2 protein chains.
Amino acid sequence: MLSGKNRAKTAELCHALADETRLDILDQLKEGERCVCELTDALQTGQSRLSFHLKVLKDAGLILDRPEGRWIYYAINSEAVAELEALVGSLKATRKTVRPSSRC
Amino acid sequence: MLSGKNRAKTAELCHALADETRLDILDQLKEGERCVCELTDALQTGQSRLSFHLKVLKDAGLILDRPEGRWIYYAINSEAVAELEALVGSLKATRKTVRPSSRC
DNA sequence: TTAATCAATCAAGTATTATTGATGCCGTGG
DNA sequence: CCACGGCATCAATAATACTTGATTGATTAA
């Protein structure tokens, strides 16, 4: 039914995906974990900017971070992706028939 | 691989879902098509505001409109939902193994 | 311990989105 | 033809989101 917490969670997850830079990041992470400096290199962009987008993705739960030495490795959280996939799927219409009553 | 047009399309679709009001609208439409006045009633909000959000959903292709007399009925475009579902699914990590090389 | 590197955070500026009330268009009923 | 109802659109404002450059904390190498 997508009510209450689900609605807010869906909105947050979708917001995190509603940006091409963040989709680029996820595309990179699909092949395995990466540290920020690798991403700045791959995506040709500034460290600060990337850090901002990584935070959005992390806050939404779509990526996980693993500090190692002075690097921080990011990786996709496949569970969250699957969760979102399910939430999106639940938006499909339950009936195709034209509704009988009208109020206007 | 989520590149080029797909990336932009995914961002647009996700942006359209990144708002609780729009999720509420879709939730209503799941049960069948509705005209704007029914939605303003169900969602307890202003007509102008609703019209704005309906436009965002329509521009993204997530809903379809059907004029009938002086009403306009909106309905979920299940194809677009399925398309997005697939795009989201394609974000899942392809390998779980730790990547061997590092550049930093 | 000092210098250097990686990455988060902050502050300031810009850009994009959302809300609100007003206006206009179009189809319908009188 | 006229008035009304349903809805889109516009203009102005408010709220969010994004970008950029500078700073800071933490970690490692010298």
Side-chain angles (χ1 to χ4, degrees), chain A residues 7-26 28-29 33-75 99 101-104, chain B residues 7-26 28-29 33-75 99 101-104:
Chain A
R7 209 186 48 218
K9 184 61 186 169
T10 305
E12 187 185 17
L13 286 166
C14 287
H15 167 256
L17 294 186
D19 179 282
E20 297 198 28
T21 299
R22 294 195 286 267
L23 291 174
D24 284 341
I25 292 172
L26 291 174
Q28 292 289 321
L29 297 184
E33 58 177 15
R34 293 282 184 275
C35 64
V36 177
C37 54
E38 288 176 294
L39 292 171
T40 57
D41 189 32
L43 303 184
Q44 287 288 101
T45 188
Q47 177 266 319
S48 171
R49 181 169 177 269
L50 211 46
S51 205
F52 169 80
H53 289 293
L54 286 168
K55 182 165 166 43
V56 174
L57 289 168
K58 186 185 162 193
D59 287 349
L62 283 165
I63 60 177
L64 303 169
D65 59 337
R66 178 177 70 83
E68 177 171 322
R70 61 179 148 183
W71 297 279
I72 296 185
Y73 286 92
Y74 283 95
R99 182 190 36 91
S101 70
S102 174
R103 184 178 292 114
C104 306
Chain B
R7 209 186 49 218
K9 185 61 185 169
T10 305
E12 186 184 18
L13 286 166
C14 286
H15 168 255
L17 294 185
D19 179 282
E20 298 197 30
T21 298
R22 293 195 287 266
L23 291 174
D24 284 342
I25 291 172
L26 291 174
Q28 291 290 320
L29 298 183
E33 60 177 15
R34 294 280 185 275
C35 64
V36 177
C37 56
E38 288 175 293
L39 292 171
T40 58
D41 189 31
L43 302 185
Q44 287 288 102
T45 188
Q47 177 265 320
S48 172
R49 182 170 175 269
L50 211 47
S51 205
F52 168 80
H53 289 293
L54 286 168
K55 181 165 167 44
V56 174
L57 288 168
K58 185 185 163 192
D59 287 349
L62 283 165
I63 60 177
L64 303 168
D65 59 336
R66 179 177 69 82
E68 176 172 321
R70 61 180 145 181
W71 296 279
I72 296 184
Y73 286 93
Y74 283 95
R99 180 190 37 92
S101 69
S102 174
R103 184 176 293 112
C104 307

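On a predicted model such as this, the values are computed, not experimentally measured, just so you know.
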Rounded to the nearest Å, what distance is computed from the [atom1] atom of residue [X] to the [atom2] atom of nucleotide [N]?
{"X": "A:Arg66", "N": "C:dA7", "atom1": "CZ", "atom2": "P", "value": "12 Å"}
{"X": "B:Asp19", "N": "D:dA17", "atom1": "CG", "atom2": "P", "value": "10 Å"}
{"X": "A:Ile63", "N": "C:dA8", "atom1": "CD1", "atom2": "P", "value": "9 Å"}
{"X": "B:Glu68", "N": "C:dG27", "atom1": "CD", "atom2": "P", "value": "14 Å"}
{"X": "A:Leu17", "N": "D:dA17", "atom1": "CG", "atom2": "P", "value": "15 Å"}
{"X": "A:Leu39", "N": "C:dA7", "atom1": "CG", "atom2": "P", "value": "9 Å"}
{"X": "B:Glu20", "N": "D:dT16", "atom1": "CD", "atom2": "P", "value": "13 Å"}
{"X": "B:Leu54", "N": "C:dT19", "atom1": "CG", "atom2": "C1'", "value": "15 Å"}

I want to check one thing: is the phosphate of D:dC18, taken as OP1 and OP2, less than 4.0 Å away from some side-chain N or O of A:Arg22?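 Result: yes.
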
Short side-chain N/O contact from B:His53 to OP1 or OP2 of C:dT19, under 4.0 Å: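 B:His53 to C:dT19 OP1/OP2: side-chain N or O found under 4.0 Å.
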
State, with a plain yes or no, whether a side-chain heavy atom of [X] is found less than 4.5 Å away from one of [Y].
{"X": "B:Leu26", "Y": "B:Ile63", "result": "yes"}
{"X": "A:His15", "Y": "A:Arg22", "result": "yes"}
{"X": "B:Tyr73", "Y": "B:Glu38", "result": "yes"}
{"X": "B:Thr21", "Y": "B:Arg49", "result": "yes"}
{"X": "B:Leu17", "Y": "A:Leu17", "result": "no"}
{"X": "B:Ile25", "Y": "B:Arg34", "result": "no"}
{"X": "B:Leu54", "Y": "B:Leu39", "result": "yes"}

Listed pairs, N/O of protein and of nucleotides 11-16 of chain C, under 3.5 Å:
none

Identify the heavy atoms of B:Ala16 and B:Leu62 that sit nearest to each other, and give their distance.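 Where B:Ala16 meets B:Leu62 most closely, the heavy atoms are CB-CD1, 3.7 Å.
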
Contact class for B:Gly69 (heavy atom, under 4.0 Å): base, sugar-phosphate, or nothing?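 Since only primed, P, OP1 and OP2 atoms lie under 4.0 Å of B:Gly69, the category is sugar-phosphate.
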
Using nucleotides 4-7 of chain D, report all nitrogen or oxygen pairs with the protein that are shorter than 3.5 Å.
unit_1	atom_1	unit_2	atom_2	d
D:dG5	O4'	B:Arg70	NH1	3.2
D:dC7	OP1	B:Val36	N	3.4
D:dC7	OP1	B:Ile72	N	3.4
D:dC7	OP2	B:Cys37	N	2.7

Flag yes if more than 12 heavy atoms outside B:Lys9 fall under 6.0 Å of its NZ atom; otherwise flag no.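 Above 12, so yes.
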
Select from A:Val56 and B:Lys55 the residue whose nearest nucleotide in DNA chain D is closer to the 5' end of that strand.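 Upstream on the strand: B:Lys55.
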
